[in-house]
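For this chain, numbers begin at 1 and follow the sequence in order.
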Amino acid sequence: IESEKARRYIRSLPYKPRIPTERIFPNANPLALSLLQRLLAFNPTKRISVDEALGHPYLASLHDPSDEPLAHAAFSFEFEKMPLSKPSLKHLIAREMLAFHPDCGWDAERMAAPPQASATSGERNQPIIA
């Protein structure tokens with residue numbers, strides 16, 4: 001955990017013993033519980049890797065190494081650190097939505113613009129349609 005404030009907060013929490021997943025999910029497949037426990041390990045160095053998870057017996061019926069693509073380069077999440085204004089964020093969300101629903105008729109450029117005052121009071125909250 002990179003944030004010193006977050007580390008202090010976690011250290012300040014009282015100790016709570018782990019509740020066995022078998023008690024939380026009494027009717028679950030034991031193999032599913034085994035995988036869940038390994039996926040939910042708080043310490044990332046003790047957490048199961050993607051390759052280990054795909055090879056776990058619970059996923060055996062779904063695992064096909066010949067049909068699982070590999071990334072050829074590390075993926076960068078640097079875009080998540082980019083500071084965004086509210087209009088920029090609205091614009092990006094609208095563009096993402098329009099990528100999946102191009103026929104909805106919304107105009108992503110106008111959605112990011114600040115709302116305009118109008119003579120009709122209810123008009124401001126209406127979706128912006130092309």
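- Within the model, atoms NE2 of His63 and CG of Leu54 stand 6.0 Å from one another, a figure rounded to the nearest 0.5 Å.
- Counting only heavy atoms from C-beta outward, the side chains of Phe25 and Leu36 approach each other to under 4.5 Å.
- Expressed to the nearest 0.5 Å, how far CD1 of Ile48 lies from OG of Ser34 amounts to 7.5 Å.
- Separating the CG atom in Leu13 from the CZ atom in Arg11 is a distance of 11.5 Å, to the nearest 0.5 Å.
- For the atom pair CG of Leu35 and CD of Glu52, the computed distance is 11.0 Å after rounding to the nearest 0.5 Å.
- Leu33 and Ile19 end up in the same hydrophobic cluster when Ile, Leu, Val, Met, Phe, Trp and Tyr side chains are linked at under 4.5 Å.
- Considering NZ of Lys5 and CD1 of Ile10, their distance stands at 13.0 Å, rounded to 0.5 Å.
- Between the side chains of Asp51 and Ser49, no donor N or O sits under 3.5 Å from an acceptor N or O.
- More than 12 non-hydrogen atoms from other residues, nucleotides or ligands lie less than 6.0 angstrom from CD of Glu68.
- Under a hydrophobic clustering in which Ile, Leu, Val, Met, Phe, Trp and Tyr are joined whenever their side-chain heavy atoms come within less than 4.5 Å, directly or via other members, Met82 and Ile93 fall into the same cluster.
- Checking side-chain atoms of Arg47 against main-chain N and O of Phe42 turns up a donor-acceptor pair under 3.5 Å.
- Side chain of His101 to main chain of Asp103: no donor-acceptor pair is present (N/O by atom type, distance under 3.5 Å, no hydrogens or angles).
- Atom OG of residue Ser85 and atom NE2 of residue His91 lie 10.5 Å apart, to the nearest 0.5 angstrom.
- Residues Cys104 and Met97 have side chains in contact (heavy-atom distance under 4.5 Å, counting atoms from C-beta outward).
- Smallest separation of non-hydrogen atoms from Leu59 and Ala53: CD1-O, 3.1 Å.
- Hydrophobic clustering, with ILVMFWY side chains joined whenever heavy atoms are under 4.5 angstrom apart, groups Leu31 together with Leu62.
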